[in-house]
Engineer: 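Attaching a single structure in structure tokens format; questions to follow.
Within every chain, numbering begins at 1; the chains are lettered A, B, ... in the order of the sequence lines, protein sequences first and strands thereafter.
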Number of protein chains: 2
Amino acid sequence: MKKPIHTIETCNQSIGAVRDALYVLNGKWKLPLIVALAGGPKRFKEIQRELKDITPRVLSKELRDLEQNEFVTRKVFDTVPVSVTYELTEYSSCLDEIIESLRVFGMSHRERIIGGLHKDPELVLQSEEV
Amino acid sequence: MKKPIHTIETCNQSIGAVRDALYVLNGKWKLPLIVALAGGPKRFKEIQRELKDITPRVLSKELRDLEQNEFVTRKVFDTVPVSVTYELTEYSSCLDEIIESLRVFGMSHRERIIGGLHKDPELVLQSEEV
DNA sequence: CAGTATCCCTCCGGATACTG
DNA sequence: CAGTATCCGGAGGGATACTG
């Protein structure tokens with residue numbers, strides 16, 4: 001047997017592991033932010049544009065969190081005016097599978113709702129525009 | 001080429017998809033709750049015990065959310081006193097990969113922190129007891 | 001440009017008590 | 001047992017203005 005996920009112990013371990021993961025990745029912005037940086041280093045303002053409705057205050061805080069968890073590095077360039085870029089670390093690649101699975105689910109979930117496959121017509125998506 | 005995730009358009013789509021996914025799965029409890037139900041149907045009190053520190057109020061709300069999104073079904077048995085079970089739907093299996101990847105990351109992240117591989121010694125885990 | 005400073009408010013989620 | 005009622009603190013997160 002490959003995954004005995006039905007034993008009590010294994011299940012409890014899984015809950016703990018998932019909770020640990022969520023603890024680091026919590027909030028509305030961390031994962032989308034990492035996706036935004038997946039294409040290479042970006043500057044503060046660029047990220048803000050890409051994430052559309054994030055405010056500088058929140059973006060700043062999220063970037064610090066990600067930096068502390070070693071998913072992102074901050075680089076300052078001595079230009080006038082100063083320019084700063086953020087870029088993913090090597091370690092951040094351990095999130096790739098999480099992001100990919102979220103992306104796949106997010107897309108099919110959207111299809112499901114738009115296609116009216118859900119019973120509840122009130123159900124809404126995060127990004128309103130279809 | 002398999003995944004052209006570096007094009008602007010694809011990247012933006014990815015951000016939207018991830019945001020859609022997070023919108024449905026947000027919060028501290030939804031995914032752990034689904035893991036708790038992975039072993040088969042459970043009753044309210046059983047779930048509460050398994051998740052240790054969730055209050056009935058919050059558990060009730062989370063279960064309703066999951067029900068509305070068709071990840072969980074609620075079944076009432078006409079016993080005395082009444083008993084209720086919650087069980088995963090077929091549709092909920094579309095979350096398997098997300099949960100699995102979170103679990104894998106959560107475990108290795110825990111190792112990384114316990115092993116002192118992180119620079120910041122202040123870093124903490126969700127489930128405090130090691 | 002790259003943020004910080006303030007202000008503010010929703011709502012997540014916890015504590016406790018109670019009901020059918 | 002399976003929840004609901006009430007109360008509540010605090011974090012998450014938005015708006016706006018401002019600084020080096």
Side-chain angles (χ1 to χ4, degrees), chain A residues 15 18-20 22-34 36-37 41-69 72-87 122 124 126-128, chain B residues 15 18-20 22-34 36-37 41-69 72-87 122-128:
Chain A
I15 294 177
V18 170
R19 292 191 62 182
D20 285 340
L22 292 176
Y23 183 68
V24 183
L25 304 173
N26 62 29
K28 185 174 168 180
W29 293 112
K30 289 190 183 58
L31 263 354
L33 190 34
I34 288 175
L37 290 174
K42 285 201 175 62
R43 305 178 60 169
F44 192 88
K45 200 76 175 186
E46 287 183 285
I47 304 173
Q48 211 188 329
R49 266 191 294 271
E50 195 143 352
L51 261 30
K52 302 301 192 212
D53 47 356
I54 193 171
T55 61
R57 167 186 163 77
V58 173
L59 177 55
S60 172
K61 189 239 175 197
E62 297 295 304
L63 283 168
R64 268 184 313 230
D65 286 353
L66 291 177
E67 213 186 330
Q68 203 199 3
N69 281 300
V72 164
T73 53
R74 179 177 186 272
K75 285 183 181 156
V76 184
F77 294 91
D78 200 4
T79 55
V80 184
V82 65
S83 73
V84 180
T85 66
Y86 294 88
E87 110 181 77
E122 298 296 295
V124 169
Q126 166 67 17
S127 34
E128 280 111 63
Chain B
I15 294 176
V18 169
R19 292 192 62 184
D20 286 339
L22 292 176
Y23 183 67
V24 183
L25 304 173
N26 62 31
K28 186 174 169 179
W29 292 112
K30 288 188 184 62
L31 264 353
L33 191 33
I34 288 176
L37 290 174
K42 284 201 176 64
R43 304 178 60 170
F44 192 88
K45 199 75 173 187
E46 288 183 284
I47 304 172
Q48 211 188 329
R49 266 191 295 271
E50 195 144 351
L51 260 31
K52 303 298 192 217
D53 46 357
I54 193 171
T55 62
R57 168 186 162 75
V58 173
L59 178 54
S60 172
K61 189 238 175 197
E62 297 294 305
L63 283 168
R64 267 177 312 199
D65 286 354
L66 292 177
E67 215 187 328
Q68 204 200 4
N69 280 302
V72 164
T73 53
R74 180 177 185 272
K75 284 184 183 156
V76 184
F77 295 92
D78 198 4
T79 57
V80 183
V82 65
S83 72
V84 180
T85 65
Y86 294 88
E87 112 180 76
E122 298 296 295
L123 243 35
V124 171
L125 293 158
Q126 165 69 17
S127 34
E128 279 113 63

Engineer: Considering only heavy atoms from C-beta outward, does the side chain of B:Asn26 approach that of B:Lys30 to under 4.5 Å?
Structural biologist: yes

Engineer: Given C:dC1, D:dA2, C:dT4, identify the nucleotide with an atom nearest to the side chain of A:Ser60.
Structural biologist: C:dT4

Engineer: Heavy atoms under 4.0 Å is the rule here; annotate nucleotides 13-20 of chain C 5' to 3' with B where the base is hit, S where only the sugar-phosphate is, and - elsewhere.
Structural biologist: BBB-----

Engineer: When rounded to the nearest 0.5 angstrom, what distance separates CG in B:Asp65 from CG in B:Leu33?
Structural biologist: 10.0 Å

Engineer: Can you list the stems that DNA chain C is part of, where a stem is at least 3 pairs in a row, each Watson-Crick or G-U, with both distances below 3.5 Å?
Structural biologist: C:1-20 with D:1-20

Engineer: Rounded off to whole Å, could you give me the OH-to-C1' distance for the B:Tyr23 and D:dG13 pair?
Structural biologist: 15 Å

Engineer: On a heavy-atom basis, which atom in A:Glu46 and which in A:Arg43 lie closest, and how many Å separate them?
Structural biologist: OE1-N, 2.8 Å

Engineer: Quickly work out the A:Phe77 CZ to C:dG3 P distance and round it to whole Å.
Structural biologist: 12 Å

Engineer: Any idea which of C:dA2, D:dT4, D:dG3 is nearest the B:Arg64 side chain?
Structural biologist: D:dT4

Engineer: If you measure from CD on A:Gln48 to CG on A:Asp53, what distance do you get to the nearest 0.5 Å?
Structural biologist: 10.5 Å

Engineer: How close do A:Pro32 and B:Ile15 get, heavy atom to heavy atom, and via which atoms?
Structural biologist: O-CG1, 4.1 Å

Engineer: Rounded at 0.5 Å granularity, tell me how far CG in A:Leu66 sits from OG1 in A:Thr73.
Structural biologist: 11.0 Å

Engineer: Figure out the CG/C1' separation between B:Leu63 and D:dT4, and round it to whole Å.
Structural biologist: 14 Å

Engineer: Over how many whole Å does the gap from B:Glu67 atom CD to D:dA2 atom C1' extend?
Structural biologist: 14 Å

Engineer: Using every non-hydrogen atom in the two residues, find where B:Leu37 and B:Tyr86 come nearest and quote the distance to one decimal.
Structural biologist: CD2-O, 3.5 Å

Engineer: Between D:dG14 atom C1' and A:Leu51 atom CG, what is the distance in whole Å?
Structural biologist: 14 Å

Engineer: Take atom CG of B:Asp65 and atom P of C:dC11, then tell me their distance rounded to the nearest Å.
Structural biologist: 13 Å

Engineer: Tell me: NZ of B:Lys45 to P of D:dC1, nearest whole Å?
Structural biologist: 5 Å

Engineer: Suppose the criterion is salt bridge (Lys or Arg N to Asp or Glu O under 4.0 Å): which pairs have a residue in residues 73-82 of chain B, not counting sequence neighbours?
Structural biologist: B:Lys75-B:Glu87

Engineer: Could you tell me whether the side chain of B:Phe44 reaches within less than 4.5 Å of the side chain of B:Val84, counting heavy atoms only?
Structural biologist: no

Engineer: Starting from C1' on C:dT4, measure out to CZ on A:Arg74 and report it in whole angstrom.
Structural biologist: 12 Å

